[in-house]
Amino acid sequence: MKKIILSLLLFLLGSFALYAQNGYAVRGFVVDTAYTARLVNSSVSVWNAKDSTLVKFSRVGSNGSFSVPALKPGNFILLVTYPGYADYWEKFSLDSVKKEKDFGKVNLLLKANLLSAVEIKGAVNAVKMNGDTTEFNADSYIIQPNSKVEALLKQLPGVQVAKDGKITAQGKAVDKVLVDGEEFFGDDPTLVTKNIRGDMVDKVQLYDRKSEQASFTGIDDGQRAKTINLKLKEGKKNGAFGKVNAGLGTDKLYEGQATYNRFQGKKKFGLYGNIANTGNQMGMSSFDMSSLDDMDFSGGGGGMVMMAGGMGEDLDTFDGGYGGQGIPLSRAGGLHFDNKWNSGKESVNGNYKVNNMNVEGTRNVQTQNNYTNRITKSNSDETYNNSSFSQKLDGKYAVKLDSMSNLKVSFGGSLKHSETNNQFTENTVRENEVLLNESERNLDNKANGKAFRASALWTKKFQKKGRTLSVNMSENITQNDAKGFLKSKNSFFNEQGKLDSTVNIDQYKTNKTNSAVFNSNLAYSEPITSSFAAQVNYGLNVNNSTQDRRSYNASTPGEYTVLDSLFSNNYKLDQLTNTAGLMFNYRKEKSVLNFGTRLVAVKFEQKNVFTDESIKRNFVNWSPQLNYQYMMSAQKSLRFSYNGQTSQPGIDQIQPVRVNTDPLNITIGNPNLKPSFNSSFNVGYNSFKMLSSRALMINGSYSFTMNPIMNNTVRDTTTGKSTYQAVNLTEKNNTNYGLNIGFGSAIKALDMNANINLSANGSTNYSFLNNELNQTKSYSFSANLNLMKGKESKYNFNLDFSPNYNISQSSLQKQFNDNGWGFSSRPSLTVYLPGKIELSSDGEYEFRAKTKSFDEDFSRFIWNASISRKFLKDQSLYLTISAKDILNQNNGFNRSASQNSIVQTNYTMIRRYVICSLSWDFNKMGGA
């Protein structure tokens, strides 16, 4: 009996002690402010006030009450969330005196009522992490009425949007922008960011997209593509929206644009049309014959040796894009459709695009070439008139065959016709300013291209969890036919600057290439334990290509019938590649580890049909990889990756095709070239403090290439001719390294958001100049501060401030470097006045200091301003008068350095003009 009583006393004492230790708690009720309804299943969480880390999590019960027990003393924040309602948060403290906090009734307010006079403690979590996905809440950022997604992306920490619409996130280019996980208008991100309305977006998800096979099996294959997914609000998935714009300006400038999009649940339809000579374009900003589908994850491992030459090689061709140089005329249009049906088991996604681009302009290139004990300076002037007409059609169909297997079939086809006319005048002088050579060239070419791609991916899961089988196959067919004329006159001068010799060229050239490439990859994964799995894969790749290049001299004026065998050839390439790989995947609690390797065996033969000469090479490539991710918490993650890859010399380096487009620069082959091996290391750290709206992203990289392939440039001092040959360097490694730090935070005292990006990059590369080793070291340091402040329908202010410093130095000519400061800034301000009047002004300032190689500073300030008057009740119709480049300083400029050359380029751009435009931005989406 005494033992029973003693045990009971000990139990009561233990229970009392446990209660005394864990008796800290919070409780309360959650109700709707307007309707006093109990919001059952609301999310209730307690966070550390110091570092915004999650402490406890709970749900509201059926009676509307909540309780979070077993807390410790400290300072905390209570966060209550419910779909469709503004988040509620409040700071509180628990100590030995106040062990329990009773919040009573926690009133949540519908987001739709946030603009009413009701005042509430509310906040929206700006950033959070979901595995390896960074998710931004769109409602945390200021989005002006009728603004597009591009305006939203500019505010996200770690994300930068260039003037031409290209997106960079965490230091890497964004390849895809998806809408609810689906492609919208295919492979052009700007068609999404300039088309979708910002107020339709609920979440912006940023992640590294894996191959479809890797996503299916869960075992990484090392392939990555930076991707943004726009998750739409539930109330914004039904209805229509779009924009119509037309404008007329001075100097015969004009632009017109129309977009129409209709969403109906899982069905989306979109179309656009654009015509402009102001540089304002949409769709197919460039044309790539190989970009007809997603990334090609065939497991090639860098073993492919491709046929030299594309649509022209020695015949200049035009990709159909406009990068800001020259005066453009763009006409483009496109259609998109995607849908899911049969309970989501079947889906289709298709796009059609057409683009007609004309660009004409001038370009001046000043080059300083540094050699041992001497330098040369070249000045080149170019006048060009290029045009391109291209069409592109692609589609995908996916079906869930049964509960365990899926099939996805995709195709793409394209047609392109381009015409180019380029005229060059160039002269080179010695260090004492005595003329070395002069050149006049005219290239006039026409090219036609066709491409087709088809692929199929079949995936199957088995009853045993983690056991999968997948097969991926694709076929790529391309045909290119280019024809053109080369006319050049090249004059050479002696040490006294007197004419020594002249070489004239007058030729008609043709170039036909055909390529058929088959890729396949089979992957089988097997779980070894609950946390450890293995994958074996095998791929077979076949490449059959031909290239027939011919040059004809004139037999009589205007008649080109004499074949020039020195610059003619007919190559045939047959290549067989076998790939085998073994990968392992370990997933346990907070850690995910992938590691393994691939072996790529390549057998190829290239034969010159004209000479009956052939090159045969057999080699094996090795591609090890390792990827590790550690989730420290729901808001912190650490990533590390290593990739090794063997790179074979290109066929144009082994046996180059001789071209005489530029007689001053000649390339010869090196059949003794050996492969190089590149090792790449990447590390990343992400940290988000949800309640304080702070984000920190750190990304670092380092790579080195052993046995690198580089150029040996031999310069003839008497003529200025350069001969290039690829060689291996065995005693030195090329290296590249970089660090990018992104930080974003809300400055509550100023009611402003701030993003800071710091980057440092460096490289050490080697080359031979006249058989003497030259080391080139390059460094770049830059900072970007972005400040954003605004109030809806009041004003919007944005400021980019970006200083930079660049270092580039050659070991053979240390006194001639390109070290110098630079600075750029992009301020913008929009003010919304009574009477539906809107005033806007923005500018872009750029400065480049003089260097030892270029003795002049460069600066320009491009200032734009506009005034708008809005009409209609929803202010969707507006008339705008815009003044572009008010100070008339839009001078094209670029300066770069590589190996032994420093290059400065000046080019024509669209200058000062005024344009008056009328726009209608309509929105008939559900919930609008």
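When reading the values below, keep in mind they use all heavy atoms of this one structure, side chains included, and skip hydrogens, waters and symmetry mates. What you see is a predicted model, and the numbers here were worked out from it, not measured in a lab.
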Visitor: For the residue pair Thr428 and Ser378, confirm or rule out a side-chain donor-acceptor distance under 3.5 Å.
Guide: yes
Visitor: Give, for atom CG of Asp381 and atom CD of Gln423, the distance between the pair rounded to the nearest 0.5 Å.
Guide: 12.0 Å
Visitor: State which residues pass side-chain contact (heavy atoms from CB on, under 4.5 Å) with Glu731; sequence neighbours excluded, sorted by chain then number.
Guide: Leu729
Visitor: Any non-hydrogen side-chain atom of Tyr384 less than 4.5 Å from a side-chain atom of Gln325?
Guide: yes
Visitor: Using the side-chain contact (heavy atoms from CB on, under 4.5 Å) rule, take Ile668 and Thr723 through it: C-alpha gap first, then chi angles, then the decisive distance, then the call.
Guide: CA-CA 7 Å; Ile668 60 175; Thr723 302; 4.2 Å; yes
Visitor: Side chains of Asn543 and Ser545: is there a donor and an acceptor less than 3.5 Å apart?
Guide: yes
Visitor: So, using side-chain contact (heavy atoms from CB on, under 4.5 Å) as the criterion, who are the partners of Thr502 when residues are at least two apart?
Guide: Lys489, Ser491, Leu499, Asn504
Visitor: I'd like to know if Lys487 pairs up with Glu440 as an ion pair, taking the criterion as any Lys NZ or Arg NE/NH1/NH2 lying under 4.0 Å from an Asp or Glu carboxylate oxygen.
Guide: no
Visitor: Side chains of Lys721 and Phe492: closer than 4.5 Å at any heavy-atom pair?
Guide: yes
Visitor: Looking at residues at least two apart in the chain, or sitting in another chain, which of them share a salt bridge (Lys or Arg N to Asp or Glu O under 4.0 Å) with Glu605?
Guide: none
Visitor: Checking Arg453 against Ser474 for the side-chain contact (heavy atoms from CB on, under 4.5 Å) test, could you report, in this order, the C-alpha distance in whole Å, the side-chain angles of both residues, the deciding distance, and whether it holds?
Guide: CA-CA 7 Å; Arg453 174 188 173 99; Ser474 68; 4.1 Å; yes
Visitor: Just to verify, what does Ser701 make a side-chain contact (heavy atoms from CB on, under 4.5 Å) with, not counting sequence neighbours?
Guide: Asn682
Visitor: Name all residues meeting the side chain to side chain donor-acceptor pair (under 3.5 Å) criterion together with Asn578; count only those two or more places apart in sequence or in a different chain, and write none if there are none.
Guide: Tyr538
Visitor: Looking only at side chains, do Ser410 and Ser455 share a donor and an acceptor under 3.5 Å apart?
Guide: yes
Visitor: With the side chain counted from C-beta on, respond yes when Tyr766 and Leu773 share a heavy-atom pair under 4.5 Å apart, and no when they do not.
Guide: yes
Visitor: Give the C-alpha distance, both sets of side-chain angles, the deciding distance and a yes or no for side chain to side chain donor-acceptor pair (under 3.5 Å) between Asn386 and Thr420.
Guide: CA-CA 4 Å; Asn386 302 327; Thr420 63; 4.6 Å; no
Visitor: Is the closest side-chain heavy-atom distance between Asp506 and Tyr560 below 4.5 Å?
Guide: yes
Visitor: Please list all pairs passing the ring-ring contact (aromatic ring centres under 6.0 Å, His included) test where one or both residues lie in residues 659-681, with sequence neighbours left out.
Guide: Trp622-Phe677, Tyr642-Phe681
Visitor: Are Asn712 and Asn771 linked by a side-chain donor-acceptor pair shorter than 3.5 Å?
Guide: yes
Visitor: How would you list, by chain and number, every residue that makes a side-chain contact (heavy atoms from CB on, under 4.5 Å) with Val620, sequence neighbours excluded?
Guide: Ala601
Visitor: Quick one: do Asn707 and Asn733 satisfy side-chain contact (heavy atoms from CB on, under 4.5 Å)? Show the steps, please.
Guide: CA-CA 7 Å; Asn707 200 37; Asn733 297 333; over 6 Å; no
Visitor: Tell me, please, which residues at least two apart from Gln507 pass side chain to side chain donor-acceptor pair (under 3.5 Å).
Guide: Lys509, Asn553, Asp564, Asn660
Visitor: Side chains of Tyr571 and Thr546: closer than 4.5 Å at any heavy-atom pair?
Guide: no
Visitor: Taking atom types as modelled, is there a side-chain donor on Glu382 or Asn422 under 3.5 Å from an acceptor on the other?
Guide: yes
Visitor: Report yes if some heavy atom in the side chain of Thr735 is under 4.5 Å from a heavy atom in the side chain of Tyr737; otherwise report no.
Guide: yes
Visitor: Considering residues at least two apart in sequence or located in another chain, which fulfil the ring-ring contact (aromatic ring centres under 6.0 Å, His included) criterion with Tyr907?
Guide: none
Visitor: Can Leu573 and Asn544 be said to form a side-chain contact (heavy atoms from CB on, under 4.5 Å), step by step?
Guide: CA-CA 6 Å; Leu573 172 67; Asn544 300 119; over 6 Å; no
Visitor: With heavy-atom distances below 4.5 Å as the criterion, would you say the side chains of Asn379 and Asn364 are in contact?
Guide: yes
Visitor: Can you sort out the partners of Arg617 under salt bridge (Lys or Arg N to Asp or Glu O under 4.0 Å), two or more places apart, ordered by chain and number?
Guide: none
Visitor: Considering residues at least two apart in sequence or located in another chain, which fulfil the side chain to side chain donor-acceptor pair (under 3.5 Å) criterion with Tyr508?
Guide: none
Visitor: Excluding sequence neighbours, so at least two apart, what forms side chain to side chain donor-acceptor pair (under 3.5 Å) with Ser568?
Guide: none
Visitor: Just wondering, do Lys512 and Asn480 contact through their side chains at under 4.5 Å, heavy atoms?
Guide: no
Visitor: Could you tell me whether Lys498 and Asp500 have a side-chain N and a carboxylate O separated by less than 4.0 Å?
Guide: no
